[in-house]
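Inspection log for the structure reproduced underneath, given as structure tokens.
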Amino acid sequence: TTPRTSGATLDGRAGRLRATGQLTSWRTVDLLTITFLGAALGIVFWGWGQLYNGPITALKIGYAPAMGLFAGMWFIAGIVGGLVVRRPGAALFCEVVAAVVSMIPGTEWGATVLIAGILQGLGAEAAFALFGYKRFGVGVAMLAGVLAVPLEWGFEVVAFPASWADIPVLGAFAGGGGWYAAWPLADKFAYAGFLVVSGAVLAGVGGWALTRALARAGALAAFPPGQELRERRAV
């Protein structure tokens, strides 16, 4: 018989185990695990920010939009959260928790990090929703990384109206725009391309690989990735 300790239903192929029962019904272990994963990745986000503003900024001397190749690391929490818990909202929840935790030590981006987390999480969530929360292979993970890009890209490059001046957080962009609003249009689209590559590879493949590593380490025994591993070993 198929083990049920992970709270998953077997679909027949690896990468397709989904949560049992009502997908909207979260277990306590789901909430705790997403919170823990988000917090851990939030610390990674903060550390990555130090690296991004350090050695990686050397790219600005060459071709600044190429820095987008390294931005995918900030999308990874949504992918991991969605791959582990496999319920609606898991990707968004994990990405937002990571964003909040990364803000605590302080960053040069301030509270806008939270907005970025929400936008990236919504994009990643959309990828899992497109497949009805039924597929969780590397292809879907890569798509989640790609879809984390559009809203975030718009937030970073589009000029915002001065009427936003009195809105908390967004007021910092009033009358100007995102960090790269002054770039030429060609550079903005080049940046989008670099973000897509980073989202697919660094966040998508990286998040999928991290999830598999956690499953092999036994950290996800109560979740579908852990059961998938047991099914493969049982063959």
Side-chain angles (χ1 to χ4, degrees), residues 4-9 15-48 72-105 113-138 140-145 147-148 151-152 199 202-230:
R4 296 297 178 186
T5 55
S6 67
T9 298
R16 293 196 180 185
L17 291 179
R18 61 184 296 179
T20 54
Q22 294 297 320
L23 284 175
T24 54
S25 178
W26 283 59
R27 303 171 298 171
T28 300
V29 68
D30 297 327
L31 294 170
L32 292 176
T33 299
I34 284 291
T35 301
F36 174 78
L37 283 172
L41 289 169
I43 296 172
V44 172
F45 285 5
W46 179 84
W48 189 253
M73 180 60 74
W74 284 300
F75 309 160
I76 200 170
I79 284 81
V80 173
L83 291 176
V84 171
V85 172
R86 304 186 179 182
R87 281 180 166 82
L92 176 60
F93 185 13
C94 195
E95 189 70 39
V96 169
V97 171
V100 170
V101 171
S102 71
M103 288 167 50
I104 294 175
V113 170
L114 177 57
I115 297 175
I118 293 171
L119 297 178
Q120 295 159 14
L122 286 172
E125 189 73 43
F128 296 109
L130 282 174
F131 291 94
Y133 298 94
K134 294 179 180 179
R135 296 191 182 187
F136 306 93
V138 65
V140 176
M142 292 176 70
L143 179 61
L147 293 186
L151 292 177
E152 173 63 19
L202 198 57
V205 177
W208 177 79
L210 175 58
T211 301
R212 287 173 62 89
L214 289 172
R216 286 195 297 270
L220 302 178
F223 297 91
Q227 184 171 329
E228 286 174 351
L229 182 63
R230 290 195 299 272

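Minimum heavy-atom separation, G145 to A203: CA-CB, 4.4 Å. Closest of all the heavy-atom pairs between G81 and A90 is O-CB, 3.6 Å. The two atoms that bring R135 and V140 nearest to each other are O-CG1, 3.6 Å, heavy atoms only. Considering all non-hydrogen atoms of both residues, V84 and P224 come closest at O-CD, 3.6 Å. What you find for M73 and F45 is that their closest heavy atoms are O-CE1, 3.1 Å.
Under the 3.5 Å distance criterion, the side-chain polar atoms of E125 are matched with a main-chain donor or acceptor of L92.
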Could you walk me through whether Q120 and L151 pass the side-chain contact (heavy atoms from CB on, under 4.5 Å) test, one step at a time? CA-CA 7 Å; Q120 295 159 14; L151 292 177; over 6 Å; no
Run W26 and V85 through side-chain contact (heavy atoms from CB on, under 4.5 Å) and show every step you take. CA-CA 9 Å; W26 283 59; V85 172; 4.1 Å; yes
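In this structure, L147 and L130 have side chains that are in contact, with non-hydrogen atoms separated by less than 4.5 Å. In this structure the side chain of L83 never reaches within 4.5 angstrom of the side chain of L214, judged on heavy atoms. Using a 4.5 Å heavy-atom threshold, the side chains of I76 and V44 count as separate.
Between F128 and Y133, the two ring planes are parallel [angle under 30°; tilted spans 30° to 60°].
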Please output the side-chain donor-acceptor pairs of residues 31-39 that fall under 3.5 Å, not counting sequence neighbours, one pair per line with the distance.
from: T33; atom 1: OG1; to: V29; atom 2: O; distance (Å): 2.7
from: T35; atom 1: OG1; to: L31; atom 2: O; distance (Å): 2.7

Enumerate, atom names and distances included, each donor-acceptor pair closer than 3.5 Å involving a side-chain atom of residues 93-105, sequence neighbours excluded.
from: E95; atom 1: OE1; to: G78; atom 2: N; distance (Å): 2.7
from: S102; atom 1: OG; to: A98; atom 2: O; distance (Å): 3.4
from: S102; atom 1: OG; to: A99; atom 2: O; distance (Å): 2.8

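From W74, atom CH2 reaches atom CD of E152 across 9.5 Å, with rounding to the nearest 0.5 Å. Taking CZ from R216 and OG1 from T211, the interatomic distance works out to 10.5 Å, rounded to the nearest 0.5 Å.
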